[in-house]
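One structure is given here, and the rest of the page talks about it.
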Amino acid sequence: MSATQAKAKPERRRSREIFEKAEKVLVGGVNSPVRAFRSVGGEPLIIEKGSGQYLYDADGNELLDYVCSWGAMLLGHAHPAVSAAIAEQARRGTSFGVTTELELQLATLITKAIPFIEKVRFVSSGTEATMSAVRLARGITKRDFIIKFEGCYHGHADSFLSQAGSGLLTLGIAECPGVPQALAALTLNVPYNDLPGVEKLFSEYKGRIAAVIVEPVAANMGVVLPKEGFLQGLRDLTRKNGALLIIDEVITGFRLHNGAVQTLLGVQGDLTTMGKIIGGGVPVAAYGGSAELMNNVAPLGPVYQAGTLAGNPLAMSAGIATMGELAKPGLYDGVNALAKKLVHGLGNALAGAGIPAQVNSMGSLSTIFFTPEPVTDHNGARNSDTKRYARYFREMLNRGIFLAPSQFEAAFVSAAHTPADIDRTISSAQEVLKFIAAQPRE
Ligand code: HOZ
């Protein structure tokens, strides 16, 4: 194949049929917008099964997966220990609506791995975790305003849907209709990494800000790293102003090492939100912090939050089995070494093709931005040539490599990926990037 030819698409007749039928009964054919591939074009995937680092679509095509259920599948798909734990629990019952010892076990594993979290409350999605953490911060401080950062994404609760990342950035929704204006006005947005901007808001809204919520490594506008001193600055400003710091580790928790990324970055939030990996691919999320703060949640305190499926035994079993694997020596060293090799190889492939770009990364999280300028915030991320990203995505998919179907998400390496997978990805990227460089800009 010459550098000027696109690779033919694999046949996906059955997937297309399923998607066309799904469009009639599911909104956009999907249950989460970015899965519709609207910003990258091409046909949305219909997946039949996953195994290790691979997904298999409804037509039997194999895909090397770097989406990993948006980061949840750090161990890869259908990991034997996790699948066995789920199957075993399914035989014992899937939901009781009262406490099981499994909840104690998973909470203990989390609090041991993140010692500054003394108590957790399990919920079923990252959205619930962040929404509840903000409610708790408001309840404790008796203040209404929150500060969040443009391009960060904290799920889809009403307070988080302005200037948000992930699907909103992908679809160009800056403000979400349906969020009451009175509530939206309580969310103050600042560019990521803009500490003076935060300081200014604290002086403008003196005594009125309940919390600052932040992704410690932003991964929902693509990967954007915190600048030196940014997180510590937030820590200092929140303390000085009597506000709480909520660190959203739904993506970063247990991804970069066996615990919170806060530990690696030398900062501690008052409240931490988690999700994805702690459930091993079954819906689990949590928020936690010191006993003193968490004791304000009902039934010990008046801040109400509840859920029929919270602490669900199937999900707890998957989480416990996952945490058991994460504690095995060498697991993170292996994943991070593979990811480093990938990032290095992609950087070389971009340079070799003469394409100006940034590869932002930390551990097993990375994003290519097709822009010559460093990407340190939402505006920088939006400067990326998203048409180039879309073409890169489609050509990689045609070679059996599944990347995030949006510029504004991360690529995730799992423990199931192998050095050979990384070599194959880099050589495919070399071919694709040369092809892209030879095309007229769209
Ligand atoms: N908002 C998720 C990624 N950051 C996407 C969830 C999904 O589509 O499954």
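Note that ligands are numbered from 1 as they come in the structure, with each ligand's atoms numbered from 1 the same way.
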Next item on the list: May I have the step-by-step check of side-chain contact (heavy atoms from CB on, under 4.5 Å) for Leu271 and Met294, ending in yes or no?
Entry: CA-CA 9 Å; Leu271 297 173; Met294 292 302 291; 4.0 Å; yes
Next item on the list: Evaluate the side-chain contact (heavy atoms from CB on, under 4.5 Å) criterion for residues Ile46 and Asp57: first the C-alpha distance (whole Å), next the side-chain angles of each, then the deciding distance (0.1 Å), finally the verdict.
Entry: CA-CA 5 Å; Ile46 304 293; Asp57 71 16; 5.7 Å; no
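A ring-centre distance under 6.0 Å is found for Phe230 and Phe149.
Scanning all protein heavy atoms for the shortest distance to atom 8 (O) of ligand 1 gives Ser32 OG, 2.9 Å. Closest protein heavy atom to atom 9 (O) of ligand 1: Arg35 NH2, 2.7 Å.
Near Val34, the atoms of ligand 1 lying under 4.0 angstrom from a non-hydrogen atom of the residue are 5 (C), 8 (O). Heavy-atom proximity to Tyr153, at under 4.0 Å, picks out these atoms of ligand 1: 1 (N). When each atom of ligand 1 is checked for a heavy atom of Glu409 under 4.0 Å away, the hits are 3 (C), 4 (N).
Residue Lys276 places no N or O, backbone or side chain, under 3.5 Å from any N or O of ligand 1.
In this structure, the side chain of Arg121 engages the main chain of Ala298 through a donor-acceptor pair within 3.5 Å.
A heavy-atom separation below 4.0 Å is found between Ser166 and ligand 1.
Of all the heavy atoms of Ile251, none lies under 4.0 Å from any atom of ligand 1, so neither backbone nor side chain is involved.
Remark: Arg38 CZ is loosely packed, at most 12 non-hydrogen atoms of other residues, nucleotides or ligands lying under 6.0 Å away.
Below 30°, between 30° and 60°, or above 60°: for Tyr389 and Tyr392 the angle between ring planes is above 60°, a perpendicular geometry.
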